[in-house]
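Working notes, structure below.
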Amino acid sequence: YDANGLDISFDAINFARENYGNYFLCKDFFLLDPNSQDDKYDAICMLELIEHIEDPKKYIEYAIKFLKPGGIIIITTPNRSWYPNNALWDSDLPPVHLTWFSEKGLMELINDSGCRRTQISYTLFNIIRGSVIGPPYSKETRKSFFDKDGKPLFDAHVYSHTYILTNK
């Protein structure tokens, strides 16, 4: 595959270049030219991005301009639907995460952006791989990982990548 990575974080780009090669650009997504024929892609991945930005629809609509005919956009984000209605916020509080999407909310966002949608849940994959650390994993018994001030409610969560990076 001929792949490129893009991020506005100089530190993230340096880390990626040092560990994975010179395939990464430190640049604002909206400074790329959607009319350039050199910048058309079969797939665009927005992995754990849309929950951090103020206008996710704007990002998706702009990304569409960079797709080749038949291209796809792959989006991952924490899944609000997996938690009980009384969970306050089970991912990083604002200003880290601005939106906690339910499956329905994400599907509406995708539809409003003019995309045809397909959904595949990776919840079990994330649990098995250890990116989710906290209380029991049944929807009925889940509680928030964080209190209203963003402090972890479970000792195990202080060792998660999410919490460590948030505190950096």
Side-chain angles (χ1 to χ4, degrees), residues 1-80 88-103 105-123 125-126 129-133 145-146 149-152 157-168:
Y1 298 97
D2 184 15
N4 299 326
L6 180 71
D7 200 296
I8 59 171
S9 167
F10 185 74
D11 290 340
I13 293 299
N14 278 343
F15 178 85
R17 285 178 180 164
E18 288 171 9
N19 289 280
Y20 306 108
N22 195 24
Y23 305 104
F24 304 91
L25 288 172
C26 186
K27 196 166 191 176
D28 185 321
F29 177 57
F30 292 102
L31 295 179
L32 298 176
D33 180 7
N35 297 314
S36 169
Q37 292 305 309
D38 295 334
D39 291 329
K40 298 295 181 188
Y41 299 93
D42 296 311
I44 295 175
C45 300
M46 294 182 172
L47 308 178
E48 309 301 305
L49 168 71
I50 63 170
E51 67 272 14
H52 296 276
I53 55 181
E54 290 182 19
D55 192 349
K57 183 180 175 190
K58 180 179 173 182
Y59 272 75
I60 294 169
E61 289 173 342
Y62 199 66
I64 291 169
K65 297 176 183 182
F66 292 91
L67 289 175
K68 291 179 181 176
I72 63 170
I73 299 175
I74 300 167
I75 298 172
T76 65
T77 187
N79 183 355
R80 172 65 178 98
L88 295 173
W89 193 278
D90 229 38
S91 56
D92 296 320
L93 295 169
V96 176
H97 285 173
L98 302 180
T99 309
W100 193 16
F101 288 95
S102 66
E103 291 174 32
L106 182 59
M107 292 299 102
E108 287 179 10
L109 170 66
I110 290 167
N111 285 337
D112 289 348
S113 301
C115 293
R116 184 175 42 115
R117 66 188 180 2
T118 302
Q119 182 175 357
I120 300 170
S121 173
Y122 287 95
T123 302
F125 173 84
N126 289 335
R129 298 288 177 238
S131 63
V132 176
I133 299 175
F145 286 152
F146 302 103
D149 298 318
K151 300 292 180 208
H157 194 68
V158 300
Y159 300 105
S160 76
H161 294 292
T162 302
Y163 188 69
I164 292 167
L165 292 173
T166 301
N167 278 327
K168 277 187 177 179

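Just the heavy atoms: all of them, side chains too, but no hydrogens, waters or symmetry mates, feed the values below.
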### Whether S113 side chain and E61 backbone form a donor-acceptor pair below 3.5 Å
no
### Task
Kindly compute the distance separating CD (E48) from NE2 (H97), expressed to the nearest 0.5 Å.
7.0 Å
### Task
Please work out whether the ring planes of F66 and F29 are parallel, tilted or perpendicular, with thresholds of 30° and 60°.
tilted
### Message
Ignoring hydrogens, what is the shortest heavy-atom contact between I64 and C115? Give both atom names and the distance.
### Response
CD1-SG, 3.4 Å
### Message
Contact between F10 and N14 at the side-chain level, heavy atoms closer than 4.5 Å - yes or no?
### Response
yes
### Query
S102 and G105: which non-hydrogen atoms are nearest, and at how many Å?
OG-N, 2.9 Å
### Message
Minimum heavy-atom separation for D42 and K68, please, with both atom names.
### Response
OD1-CD, 3.3 Å
### Task
Give, for atom CD1 of I60 and atom CD1 of I53, the distance between the pair rounded to the nearest 0.5 Å.
7.5 Å
### Summary
Nearest heavy-atom approach of K57 to D112 is CE-O, 3.3 Å
### Task
Taking all heavy atoms of N4 and all of Y41, pick out the closest pair and write down the distance.
ND2-OH, 3.3 Å
### Summary
Distance col, row D55:CG vs Y59:OH, nearest 0.5 angstrom, shows 9.0 Å
### Message
Could you tell me if the side chain of I75 sits less than 4.5 Å from the side chain of L109, heavy atoms only?
### Response
no
### Task
Take the angle between the ring planes of Y62 and F30 and call it parallel below 30°, perpendicular above 60°, tilted in between.
tilted
### Task
Inspect the surroundings of CD1 in I8 and state if more than 12 heavy atoms from other residues, nucleotides or ligands are less than 6.0 Å away.
no
### Message
Applying side-chain contact (heavy atoms from CB on, under 4.5 Å) to T99 and T77, what does each step give before you reach the verdict?
### Response
CA-CA 10 Å; T99 309; T77 187; over 6 Å; no
### Query
How far apart are the closest heavy atoms of C26 and R17, and which atoms are they?
N-NH2, 4.2 Å
#### Entry: Side-chain donor or acceptor of K40 paired with backbone N/O of P34 under 3.5 Å
yes
### Rounded distance [0.5 Å steps], CG in L106 versus CD1 in I50
5.0 Å
